[in-house]
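Each residue takes its place number in the sequence, starting with 1. As the structure is a prediction and not an experimental result, all values here were calculated from the model.
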Amino acid sequence: MAKVELRGFGWRHAGRRRPAVSGVDLRIDSGERVLLLGASGSGKSTLLTAMAGLLPDDSGEQTGHVTVDGRAARDARDRIGVVFQDPQTQLVMARAGDDVAFGLENRGADPAGIPAAVRRALDTVGFPYPADRATHALSGGEQQRLVLAGAIATGPRLLLLDEPTANLDPAGAALVREAISGVLTENPDTTMVLVEHRVAEALPLVDRVVVLGADGGVLADGPAAEVLHRHGERLAAQGVWVPGTPVDRPRRSPGTGPALVTAQRVGLRHPDADRAALAPTDLRIHAAELVAVTGANGSGKSTLARLVGGLSTPGTGAVYSTGDRRPLHRWRAAPLAARIGSVFQNPEHQFVTSRVRDELNLRPRRHADPPARIAARTTELLERLRLEHLAEANPFSLSGGEARRLSVATALATAPAVLVFDEPTFGQDRRTWRELTDLIAGLRDSGTGILVVSHDTDFVTAVADRRLSMVEGELCSA
């Protein structure tokens with residue numbers, strides 16, 4: 001059993017004026033299951049990283065203390081298990097069983113007992129394959145269950161989960177939540193802290209809710225039902241997804257225009273794959289139209305997005321911009337970015353500078369836009385996406401929601417005619433979700449053609465003019 005205490009805790013990232021989190025006084029008793037809430041950028045992930053003892057001394061300035069069972073968190077790592085948003089950042093081995101065994105081996109577990117411990121952990125999370133299953137062949141939900149198995153294999157007293165279902169389709173997310181429930185049932189004395197934006201789905205896993213204030217400290221703390229009943233309206237106003245609060249009404253395009261991008265029998269099969277990542281597909285994106293593609297993790301949605309954005313070389317067919325017969329994948333980077341803006345599933349994959357402001361300036365400068373126009377556009381995007389206070393920050397120090405908004409802003413910097421978004425709303429609180437939804441719908445209404453890959457059914461329902469579904473590499477009507 002593990003007890004966590006934070007006394008006056010705060011953390012300021014190097015190069016930042018404002019702390020990521022400050023003034024937190026909190027005690028979590030052994031065996032409690034806590035849901036940590038707060039607006040995007042309120043410091044939830046930073047606080048969880050501090051509890052895990054993973055904040056490096058040379059990357060920021062700490063105030064106060066965080067302890068686990070009376071020891072500094074960094075000295076108690078042997079009793080802590082952590083699961084982050086993106087499972088690929090935690091997978092280190094080629095085979096599933098080896099990945100679960102990795103932590104046990106590093107902690108000097110008895111080799112004779114490791115195979116049985118690996119099997120128990122895989123069974124507890126409902127992993128559906130043998131231990132020799134290749135990790136690269138797993139879907140996102142399967143990878144996340146595997147990471148969870150690795151986190152519990154060492155018998156942690158404290159389990160920290162940072163939006164473990166953020167990048168998953170609804171079915172995969174439900175399976176991960178079921179796996180977490182199984183872990184807690186199997187280990188009733190385990191203390192758990194869970195960060196999630198979507199509150200309703202997380203409530204069955206917890207007995208207490210702690211809400212971080214946007215300006216520091218703890219805004220609310222107590223039994224889940226009591227906190228949401230007493231503070232629900234206030235929390236919703238600050239961006240928390242309070243169950244029962246309605247989402248935006250649908251917004252449809254006033255009328256579509258001519259085709260801007262045309263995919264003709266475009267497809268792709270990866271080497272040694274047993275099926276095509278994308279079967280030969282025809283698709284058109286029109287001006288003032290938002291096309292949404294849904295489907296399970298691993299069904300081929302991101303492959304389609306990369307091909308339509310001109311970022312991957314197709315195995316069959318090609319994608320063309322209207323009026324130009326050169327396939328998009330053969331365009332040079334600057335003219336391609338000016339024509340089609342792409343937002344990747346993992347925001348960090350498209351960051352190449354050390355300042356948020358420079359990230360926004362990069363594409364327009366390569367396009368030789370006038371400096372005055374670049375400055376004005378950068379200021380506009382920073383304000384519109386609530387990033388102005390982070391203009392001088394390192395993009396890699398942003399929260400997940402902030403990084404997503406920055407990746408959207410970089411795609412908008414050159415005002416392209418077509419936008420391709422891969423999960424544009426993940427990691428957002430209710431307020432920033434609504435602002436992103438309004439922004440994307442407004443771009444569509446102004447004539448931009450938009451392709452969106454998304455698991456977010458609320459977003460798709462609100463803004464999609466045409467909805468398609470991807471099933472094992474085949475694109476069809478939803």
Side-chain angles (χ1 to χ4, degrees), residues 6-13 15-26 28 34-51 55 60-64 66 85 162-163 166 193-199 202 206 208-222 224 226-243 245 247-248 347 356 381-395 397-406 408-409 425-439:
L6 297 103
R7 291 170 289 172
F9 178 79
W11 179 265
R12 183 177 61 82
H13 292 288
R16 297 269 196 100
R17 293 183 179 179
R18 294 171 52 180
V21 62
S22 64
V24 174
D25 292 299
L26 180 64
I28 300 172
V34 176
L35 176 61
L36 186 61
L37 299 178
S40 177
S42 61
K44 302 182 298 297
S45 292
T46 300
L47 199 64
L48 212 69
T49 305
M51 293 180 191
L55 287 175
E61 178 183 328
Q62 178 176 321
T63 56
V66 53
Q85 289 181 8
D162 191 359
E163 294 195 67
V193 182
L194 169 66
V195 171
E196 273 287 359
H197 275 296
R198 299 297 179 133
V199 177
V206 303
R208 177 182 172 190
V209 167
V210 173
V211 185
L212 295 183
D215 298 320
V218 174
L219 179 66
D221 182 6
E226 179 182 322
V227 168
L228 295 176
H229 176 72
R230 292 182 57 190
H231 303 280
E233 186 174 337
R234 182 183 180 188
L235 297 181
Q238 293 202 5
V240 175
W241 285 92
V242 176
T245 53
V247 298
D248 287 2
V356 167
L381 290 170
L382 287 171
E383 292 176 352
R384 191 164 188 183
L385 291 169
R386 294 183 180 270
L387 296 170
E388 63 270 26
H389 65 291
L390 298 170
E392 307 305 315
N394 189 312
S397 71
L398 304 184
S399 73
E402 292 164 346
R404 169 49 79 213
R405 298 201 300 279
L406 176 58
V408 170
T425 58
F426 91 78
Q428 301 305 310
D429 63 40
R430 181 181 178 81
R431 179 175 58 183
T432 56
W433 179 91
R434 183 169 57 247
E435 290 168 350
L436 268 178
T437 299
D438 288 344
L439 171 64

| task | For R431 and Q238, run side-chain contact (heavy atoms from CB on, under 4.5 Å): C-alpha distance rounded to whole Å, both residues' side-chain angles, the deciding distance at 0.1 Å, then the answer. | result | CA-CA 7 Å; R431 179 175 58 183; Q238 293 202 5; 5.8 Å; no
| task | Let me see the working for R208 and D221 under salt bridge (Lys or Arg N to Asp or Glu O under 4.0 Å), right down to the final yes or no. | result | CA-CA 7 Å; R208 177 182 172 190; D221 182 6; 2.8 Å; yes
| message | Quick one, V210 with V227, criterion side-chain contact (heavy atoms from CB on, under 4.5 Å). Give me CA distance, side-chain angles, the key distance, then yes/no. | response | CA-CA 8 Å; V210 173; V227 168; over 6 Å; no
| message | Determine whether E196 and L35 satisfy the following criterion, side-chain contact (heavy atoms from CB on, under 4.5 Å), listing intermediate values before the conclusion. | response | CA-CA 7 Å; E196 273 287 359; L35 176 61; 4.1 Å; yes
| query | Stepwise, does the side-chain hydrogen bond (donor to acceptor under 3.5 Å, both in side chains) test hold for S40 with R405? | reply | CA-CA 10 Å; S40 177; R405 298 201 300 279; 3.2 Å; yes
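For F426 against P347, the heavy-atom pair with the smallest separation is CZ-CD, 3.9 Å. When all heavy atoms of E388 and L382 are compared, the pair lying nearest together is OE1-O, 3.0 Å. Scanning all heavy atoms of the two residues, the minimum distance from L398 to A393 falls at CD2-CB, 4.3 Å. Closest non-hydrogen pair, F9 versus A50, comes out as CZ-CB, 3.3 Å. What you find for G401 and Q428 is that their closest heavy atoms are O-NE2, 2.9 Å. Across T46 and A20, no two heavy atoms sit closer than the pair OG1-CB, 3.8 Å.
R12 and Q62 share no side-chain donor-acceptor pair at under 3.5 Å. Side chains of D429 and T432: a donor-acceptor N/O pair is present below 3.5 angstrom, by distance only.
Inter-residue side-chain proximity for V21 and V24 is flagged as met; some heavy-atom pair is nearer than 4.5 Å. Under the 4.5 Å side-chain criterion, counting only non-hydrogen atoms from C-beta, I28 is in contact with V193. Two residues are said to be in side-chain contact when any heavy atoms from C-beta on lie closer than 4.5 Å; L194 and D162 fail this criterion. Looking only at side-chain heavy atoms (C-beta outward), V209 and L36 stay at 4.5 Å or farther from each other. The shortest side-chain heavy-atom distance between L406 and L387 falls under the 4.5 Å cut-off. Side-chain atoms of L228 and P243, non-hydrogen and from C-beta on, do get closer than 4.5 Å to each other. Residues K44 and H197 have side chains in contact (heavy-atom distance under 4.5 Å, counting atoms from C-beta outward). Residues H231 and L219 form no side-chain contact, since every pair of their non-hydrogen atoms from C-beta on lies 4.5 Å or further apart.
None of V240, L47, L212, V211 except one satisfies the side chain to side chain contact (heavy atoms under 4.5 Å, CB included) rule with S42; the exception is L212. If you run side chain to side chain contact (heavy atoms under 4.5 Å, CB included) between V199 and each of L37, V206, L235, only L37 comes through.
Atom CZ of R434 sits about 9.0 Å away from atom OG1 of T437, to the nearest 0.5 Å. Residue L55 holds its CG atom at 7.5 Å from NE2 of H13, rounded to the nearest 0.5 Å. The structure places CD of Q85 at 4.5 Å from CD of E163, a figure rounded to the nearest 0.5 Å. In this structure, OG on S399 lies 12.0 Å from CZ on R404, to the nearest 0.5 angstrom.
Atom NE2 of H389 sits in a crowded spot, with more than 12 heavy atoms from other residues, nucleotides or ligands closer than 6.0 Å.
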